[in-house]
Amino acid sequence: MPVVTRFAPSPTGLLHIGGVRTALFSWLYARRMGGKFILRVEDTDRERSTDEAVRVILEGMEWLGLAADEGPYYQTARFPRYREVIDRLLAEGKAYRCYATREELDLMRAEQMARKEKPRYDGRWRNRTDTRPGVEPVVRFKNPLEGDTVVEDLVHGRVSFSNAELDDLIILRSDGTPTYNFCVVVDDMDMGVTHVIRGDDHLNNTPRQMNMLQALGVAPPVYAHVPMILGPDGAKLSKRHGAVSVLQYEQDGYLPQALLNYLVRLGWSHGDQEIFTIDEMIAAFDIADVNKAASAFNPEKLLWLNQQHLMRAEPAAVVPALRAAFARQGLSVGASDDVLAQVVLIQRERCKTLNEMAANSAFFFSDALSIDAKAAQKHLTAEGLGHLAALESVLGAIPVWSVEALQQTVNACAAARGVGLGKVAQPLRVALSGGAISPPIDATLAILGRERSMSRLQAALQRPPIAPS
RNA sequence: GCUCCCUUCGUCUAGAGGCCUAGGACAUAGCCCUCUCAAGGCUGUAACACGGGUUCGAAUCCCGUAGGGAGCGCCA
């Protein structure tokens, strides 16, 4: 039987990395097994669901390249179907109407808590057939009273629950809308889902869902409950760190494959391998290898991985993302894709994100160069300007403005003046980039171009020399 | 409170009873390389939660304890 997995986020909050990793595991498993991956939006809570959250799910999945083979399905579009299944359960005596009021239930729970018992519905309408005028009933599922329900979980192994611990959950609210646990069961059944991969906060819901499936005469899917992702401090993921929209990582200059690589290694590993391409992940991934313990989100390792992917990517492939990063910084860059690919090539081993790359490369493209005061103080001294003057004449005479020629010329100039390369390169670097840090000086000159390089050099020479402090 | 789950360096992890003097990665410290910053290379600091068993032998199996987490809604 072909594998069918699904990712079923609820649009009540913005999709964050916890959800993304669950989606990734489901997607990888389907790809690995040659199966099908379904996207289903669980929007039955109309009060709390937002269009914005739905948008983030759709755009986020697209940015990450986690394409669904089917869907997106929306639960709100399936209400008639849920109603149909509830009617069937009612007719078969596997569900019943409960006329207990909220006040009565609150009181019941308060009493149970006072007795230090687990708060649960006591089945007071389970065997009644009468009605109560003036009260709109809910429909409850008749859960087995005895025996155990055993979950054979792919990551946790065998987990057993006593049916006596489970109460008769509401499957249809008094306003006529179905509830989450019920919709999941019907959807997974209708959509032929074979492997349910989800957060382990759902492990406790699983026996109820299995019991409903059994009442419907359907074999349960295989379950895999994956551990949660914690914040860097080991506490629950919060807005402060990580629990932000997945699209924020795009805004922050991360590559989707780097985020995916980071997330796949949270709770899963393949020997000592740290860096994976998407294809390598698919080839190596198995849900049975996923760990049981929750793991903490580590932004520094994500940063490292992002740079590793930047360094391994085809430069041309990251150009669009680099352009977007420039745009976010308010810089519209007219340079060609070819020039930007060169920028990627020389900057990527000193940048962890595209935003950093754009910020450190802005000097190539901005018209007004501002010189950092501290850098000037240190390098644009009388001595430094002397080197610059020499550089100006030799560079001005270069026939072909190529990296090789530039490197030779600058080296020769330093040698002729009897100083190390650093003595001439640093003043030149400040004149060209405005700061003491940049890619290698020859590559910087090459990308900047003859015209811009020479005019910046000349501008620096106009400055009054700074006395060394 | 009850039920269920979890526990190897600061963090992510390797580890299926002897291969473990517990390996790798991020971070961190030092060194090398070097035109700056990086990248890269080398080296170091650093962990089996605790207590009992079982076994010739336990990070690995069993039982407790402690700590952490989740669930117990007309939320998903």
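Each chain gets a letter, A, B and so on, in the order the sequences are listed, and its residues count up from 1.
- Under 3.5 Å, the side chain of Ser438(A) and the base of rC37(B) form no donor-acceptor pair of N or O atoms.
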- Task: Apply side-chain contact (heavy atoms from CB on, under 4.5 Å) to the pair Val246(A) and Leu259(A), showing each step before the final yes or no.
- Result: CA-CA 9 Å; Val246(A) 58; Leu259(A) 216 212; 4.1 Å; yes
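- Here rG71(B) is the nucleotide among rG10(B), rC35(B), rG71(B) with the atom lying nearest to any side-chain atom of Asn204(A).
- Comparing the C1' positions of rA59(B) and rG23(B) gives an interatomic distance of 13 Å, to the nearest angstrom.
- Looking at Arg265(A) and Ser295(A), their side chains never bring a donor and an acceptor atom within 3.5 Å of each other.
- When the P atom is compared between rG64(B) and rC4(B), the two are found 12 Å apart, to the nearest whole Å.
- One P atom belongs to rA47(B), the other to rC5(B), and the distance between them is 31 Å to the nearest Å.
- Remark: rA22(B) base-pairs with no nucleotide in the shown strands. Criterion, Watson-Crick or G-U wobble with two distances under 3.5 Å.
- Between Phe285(A) and Tyr29(A), the ring-plane angle classifies as perpendicular under the 30° and 60° cut-offs.
- Summarising the base pairing, rA29(B) is matched to rU43(B) through a Watson-Crick or G-U wobble pair whose two defining distances lie under 3.5 Å.
- Checking rA39(B), rU11(B), rG71(B) against every side-chain atom of Ala296(A), the shortest atom distance belongs to rU11(B).
- For Thr179(A), no side-chain nitrogen or oxygen approaches OP1 or OP2 of rA76(B) to under 4.0 Å.
- Of the candidates rU7(B), rA38(B), rG73(B), the closest approach to any side-chain atom of Glu349(A) belongs to rA38(B).
- Under 4.0 Å is where a charged nitrogen must lie from a carboxylate oxygen, and between Arg128(A) and Asp130(A) at least one such pair does.
- Residue side chain Arg120(A) does not reach the base of rC2(B) through any donor-acceptor N/O pair under 3.5 Å, judged by distance alone.
- Residue contacts for Asn291(A): at a heavy-atom cut-off of 4.0 Å it reaches the sugar-phosphate backbone alone, with no base atom in range.
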Can you give me the N/O atom pairs linking the protein to nucleotides 29-34 of chain B at distances under 3.5 Å, or say none if there are none?
none

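- Asp168(A) and Tyr96(A) share a donor-acceptor pair across their side chains, judged by distance under 3.5 Å alone.
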